[in-house]
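Handing you a structure now.
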Amino acid sequence: MHSYRSHTCGQLRKSNVGETVRLSGWVHRKRDHGGVLFIDLRDTYGITQIVAQGNAELERVRAESVVTIEGEVVNRAEGTVNAKMPTGEIEVAVKSVTVQSIADVIPFQVSEDDGAGEDVRLKYRYLDLRREGMHSRVRLRNNVIAAMRRRMWDEGFQEFNTPILTASSPEGARDYLVPSRLHPGKFYALPQAPQQFKQLLMMSGFDRYFQIAPCFRDEDGRADRLAEFYQLDMEMSFVQQEDIFKVMTGVIGGIFEEFADFTGEKRRIEWLPNMGYVEAMEKYGSDKPDLRNPLVICDVTNVFKRDDVTFNAFKGVIEKGGAVKAIRAPKVADKPRSFFDKLNDWARGEGAVGLGYITIDSLSLEGEGRGEGGAAPLEGKGPIAKFVPPAALAELCKAAALESGDAVFFVCDKEEKALKFAGRARDRICDDMGIREKGVFKLFWLVDFPMYELDEKTGKVDFSHNPFSEPRGGMDALNGDPLKVIANQYDCVCNGFELCSGGIRNHRPDIMERAFAIAGYSKDVLEKKFGGMLNAFRYGAPPHGGCAFGVDRIVMLLADEPNLREVYAFVMNGQYEDPMMNAPSDITEAQLKDLHLKLNLLKKVEAA
RNA sequence: GCGGGUGUAGUUCAGUUGGUUAGAACGCUUCCCUGUCACGGAAGAGGUCGCGGGUUCGAGUCCCGUCACUCGCGCCA
């Protein structure tokens with residue numbers, strides 16, 4: 001017999017009764033009854049109850065110790081069968097025990113979720129990973145990655161590796177930098193994405209590339225953002241936007257279908273029609289709207305412009321070019337005052353003046369008609385209502401499609417800021433109303449991004465997203481108003497998360513020069529920073545495009561977890577420190593010397 | 001860089017208006033228990049109330065500062 005195990009802890013069934021077996025695993029739980037001792041023995045495959053009588057050695061071991069036991073598989077007596085366990089019909093009667101490793105007292109419970117905080121979980125991540133939830137989520141992540149590889153290969157893509165030590169790129173996020181020993185004073189950068197390499201592979205004629213690619217960005221963290229993360233990165237040649245959508249809708253949709261029941265609840269997958277960037281911003285105030293939220297934003301600036309509307313707080317902003325955005329909240333007029341106060345408090349906490357609203361108590365049958373069955377409102381209530389006379393209220397009802405019993409919330413600011421804040425209010429109101437749809441993944445492609453945007457501070461035109469994207473209309477488009485240029489660029493959005501970003505690339509060096517010139521980058525700068533790729537374009541570049549899906553965000557959605565750290569085995573905390581490995585850490589003088597570096601920190605740090 | 005929240009036993013938390021010896025649950029230690037499966041029972045150990053300063057007769061509680069964690073804003077082409 002194998003010296004550690006003949007079976008796993010998830011394997012034995014009634015059919016094994018009578019066999020002598022050997023099991024190894026962790027002591028999950030101990031139930032000592034004096035004369036008889038039960039231990040739930042756990043490995044990654046499952047849990048088997050073992051039973052011992054008068055075994056002093058087993059009685060001594062603490063939870064999470066590792067033991068090997070040999071014994072006989074026996075039927076559990078009637079009434080002692082545990083229907084909750086796959087192995088619950090049998091147990092193993094211990095004959096001999098080898099203690100492989102005694103565990104110290106553990107800092108938090110492995111056998112249950114005792115609510116231990118993230119800092120202590122990360123410090124003892126290996127213990128945390130033994131726990132059922134983390135263990136299964138890490139397996140989910142591995143399975144998702146395997147499925148991605150399989151599906152991409154099935155579509156005719158090959159997986160490539162691209163360099164980790166590469167050159168700093170001037171745009172985008174901050175780079176993680178690695179000093180060079182052989183080249184004093186010079187630095188490698190870790191890739192923010194394999195963007196240029198995958199495009200170069202298209203220049204090399206490989207046609208279909210993919211990679212589960214590690215990416216590094218030195219920006220502050222968020223629940224859905226880490227310093228290092230993985231993307232399903234892909235690129236294809238001789239394609240248009242729709243070709244990318246077709247392939248990746250299949251691959252990603254397939255992944256969602258494949259793992260939709262991970263949480264035990266079978267969730268639906270819905271692909272909604274492509275949405276334009278402008279529509280997303282105007283209706284949802286976000287470039288990654290959660291379409292499980294039915295609320296939409298509309299513009300009611302004209303209502304507040306009326307002479308008979310006397311709400312000067314909004315009027316003043318409108319006169320300076322601002323706008324009023326409205327969010328209709330259906331059938332909440334009878335909610336207690338606290339419902340509205342809570343939202344108002346939230347808005348103030350977010351730095352807004354408040355969240356004004358009007359409730360529509362009833363609509364009369366007389367007055368101006370507003371279509372079938374509708375009529376002018378009899379009255380509105382709420383802090384702003386007294387500034388809005390009936391005729392204006394009627395226009396408001398029409399503009400925001402209000403019905404009797406509805407409330408409407410207002411955000412007033414400069415157009416862009418108003419939309420952004422209305423977008424967040426939209427989500428907040430939805431959650432307070434409890435109307436976010438459950439059990440569904442709502443996916444869609446967000447298209448028609450603007451190529452450029454105006455930097456508010458400098459007044460300069462800059463790339464709004466990816467500078468390598470193809471401007472729709474080519475050179476002609478670039479000779480017009482840059483702010484009207486649409487890029488062949490797209491995102492894939494799911495339940496309020498940006499899952500993917502991509503584009504059809506600009507493969508013409510002349511157009512690229514022009515595109516960068518508009519954003520204020522001279523030919524010299526372009527050559528210096530992207531010379532390698534630009535050169536490649538000059539030797540026959542195929543039209544190409546692609547995208548990159550955030551692997552971890554997909555896993556996070558499938559696992560129904562609000563935080564990326566819940567789906568990663570080893571991960572840094574919110575400050576990008578690893579409390580287990582003690583990273584980042586000091587280095588020795590010798591290492592510094594090798595790298596030709598001398599520390600002269602601009603900000604004084606206390607010596608350890 | 002900025003803002004919100006949190007910080008009390010190994011873990012998760014409670015702690016009233018400032019008032020005597022800072023509590024609970026789980027975990028831990030010792031003991032009892034032959035059918036449990038979140039076993040049960042008895043006893044016990046375990047605290048620089050994040051840290052520093054202040055107010056006060058008296059501070060876990062109030063004030064100031066600081067640190068850590070966390071969520072968000074900025075940032076993330």
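The sequence lines fix the lettering, A, B, ..., with proteins before strands; numbering per chain opens at 1.
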Item checked: Sugar-phosphate, base or nothing in reach of A:G115, heavy atoms under 4.0 Å -> sugar-phosphate
Note to self: So, OP1 or OP2 of B:C39: does either fall under 4.0 Å of a side-chain N or O from A:R31?
What the structure shows: yes
Notebook entry, point to check: Contact class for A:G79 vs. all strands (heavy atom < 4.0 Å): base, sugar-phosphate, or nothing?
Noted result: nothing
Check: Would a 4.5 Å heavy-atom cut-off, applied to side chains only, mark A:Y176 and A:Q192 as touching?
Finding: no
Notebook entry, point to check: Which of the following nucleotides, B:C37, B:G74, B:U34, is nearest to the side chain of A:R225?
Noted result: B:G74
Notebook entry, point to check: In whole angstrom, what separates A:D220's CG from B:G1's C1'?
Noted result: 9 Å
Check: Nearest to the side chain of A:D114 - B:U11, B:U34, B:C76?
Finding: B:U11
Next item on the list: Round to the nearest Å and state the distance from A:Y176 atom OH to B:C76 atom P.
Entry: 15 Å
Next item on the list: Tell me what A:K123 touches on the nucleic acid: a base, only sugar-phosphate, or nothing, going by heavy atoms under 4.0 Å.
Entry: nothing
Note to self: Looking at A:N573, I'd like to know whether one of its side-chain N or O atoms comes within less than 4.0 Å of OP1 or OP2 on B:C69.
What the structure shows: yes
Check: Within the structure shown, what part of the strands sits under 4.0 Å from A:S469 by heavy-atom distance: base, sugar-phosphate, or nothing?
Finding: nothing
Check: If we ignore angles and hydrogens, is there a donor and acceptor under 3.5 Å between the side chains of A:R436 and A:N293?
Finding: no
Next item on the list: Describe the nucleic acid contact of A:D104 in one word from base, sugar-phosphate, nothing, applying a heavy-atom distance below 4.0 Å.
Entry: nothing
Checklist line | C1' gap between B:G10 and B:G19, integer Å | finding: 31 Å
Check: What interatomic distance, in whole Å, is found between C1' of B:A68 and the corresponding atom of B:G52?
Finding: 15 Å
Next item on the list: Output the single nucleotide from B:G27, B:C69, B:C71 whose closest atom is nearest the side chain of A:D119.
Entry: B:C69
Note to self: Return the pairing partner of B:G40 with a 3.5 Å limit on both distances, Watson-Crick or G-U wobble; otherwise return none.
What the structure shows: B:C32
Next item on the list: Determine whether A:K325 and A:K420 make a side-chain contact, defined as any pair of heavy atoms from C-beta on separated by less than 4.5 Å.
Entry: no
Next item on the list: Using distance alone, with no hydrogens and no angle criterion, decide if A:H544 and A:Q199 have a side-chain donor and acceptor under 3.5 Å apart.
Entry: yes
Margin query: Need the pair for B:C13. Rule: Watson-Crick or G-U wobble, both distances under 3.5 Å, any strand; none if unpaired.
Written below: B:G23
Check: Taking for each residue the nucleotide of RNA chain B bearing the nearest heavy atom, is the 5' side occupied by A:G35 or by A:E453?
Finding: A:G35
Note to self: Once you apply a heavy-atom cut-off of 4.0 Å, does A:R565 come out as touching a base, just sugar-phosphate, or nothing?
What the structure shows: sugar-phosphate
Notebook entry, point to check: Across the strands shown, which category fits A:E118 at heavy-atom distances under 4.0 angstrom: base, sugar-phosphate, nothing?
Noted result: sugar-phosphate
Check: In terms of the nearest nucleotide of RNA chain B, which residue is placed more toward the 5' end: A:A116 or A:V81?
Finding: A:A116
Check: If we require ring centres under 5.5 Å and near-parallel planes under 30°, does A:F38 stack on B:U36?
Finding: yes
Notebook entry, point to check: If you check the A:R222 side chain, which of B:C71, B:G35, B:C75 turns out closest?
Noted result: B:C75
Next item on the list: Please state whether the base of B:G74 and the side chain of A:E219 form at least one donor-acceptor pair under 3.5 Å?
Entry: no
Next item on the list: Decide yes or no for A:M580 and A:Y126: does some side-chain heavy atom of the first lie under 4.5 Å from some side-chain heavy atom of the second?
Entry: yes
Next item on the list: Return the nearest nucleotide to the side chain of A:Q49; candidates are B:G10, B:U34, B:U36.
Entry: B:U36
Check: Under 30°, 30 to 60°, or over 60°: which ring-plane class applies to A:W346 and A:F421, parallel, tilted or perpendicular?
Finding: parallel
Next item on the list: Identify whether a stacking contact exists between A:H33 and B:U36, where the ring centres must be under 5.5 Å apart and the planes under 30° apart.
Entry: no
Margin query: If I pick the C1' atom on B:U61 and the same atom on B:G50, what distance separates them, to the nearest angstrom?
Written below: 16 Å
Margin query: Measuring to OP1 and OP2 of B:C37, would you say a side-chain N or O of A:R76 lies under 4.0 angstrom away?
Written below: no
Item checked: Proximal nucleotide (of B:G1, B:C37, B:A38) relative to the A:T80 side chain -> B:C37
Next item on the list: Classify the ring geometry between A:W445 and A:F549 as parallel (under 30°), tilted (30 to 60°) or perpendicular (over 60°).
Entry: perpendicular
Notebook entry, point to check: Would you say a side-chain N or O of A:R217 is under 4.0 Å from OP1 or OP2 of B:C75?
Noted result: no
Check: Can you tell me how far C1' in B:C13 sits from the matching atom in B:C75, rounded to whole Å?
Finding: 36 Å
Checklist line | Distance-only side-chain donor-acceptor flag, A:Y284 / A:D290, under 3.5 Å | finding: no
Notebook entry, point to check: Between A:K30 and B:C39, is there a side-chain N or O to OP1/OP2 distance below 4.0 Å?
Noted result: no
Check: In Watson-Crick or G-U wobble terms, both distances under 3.5 Å, what is the partner of B:C69?
Finding: B:G5
Note to self: When the C1' atoms of B:G60 and B:G23 are compared, how many Å lie between them, rounded to an integer?
What the structure shows: 12 Å
Check: OP1 or OP2 of B:G72 sitting under 4.0 Å from any side-chain N/O of A:R428?
Finding: no
Checklist line | Separation between the C1' atoms of B:G58 and B:U17, rounded to whole Å | finding: 15 Å
Notebook entry, point to check: Hey, is the side chain of A:Q575 poking within less than 4.0 Å of OP1 or OP2 on B:U70, counting only N and O atoms?
Noted result: yes
Notebook entry, point to check: When rounded to the nearest Å, what value does the distance between P atoms of B:G54 and B:G46 take?
Noted result: 30 Å
Next item on the list: Considering only atom P, compute the distance from B:U6 to B:G74 and round it to an integer number of Å.
Entry: 23 Å
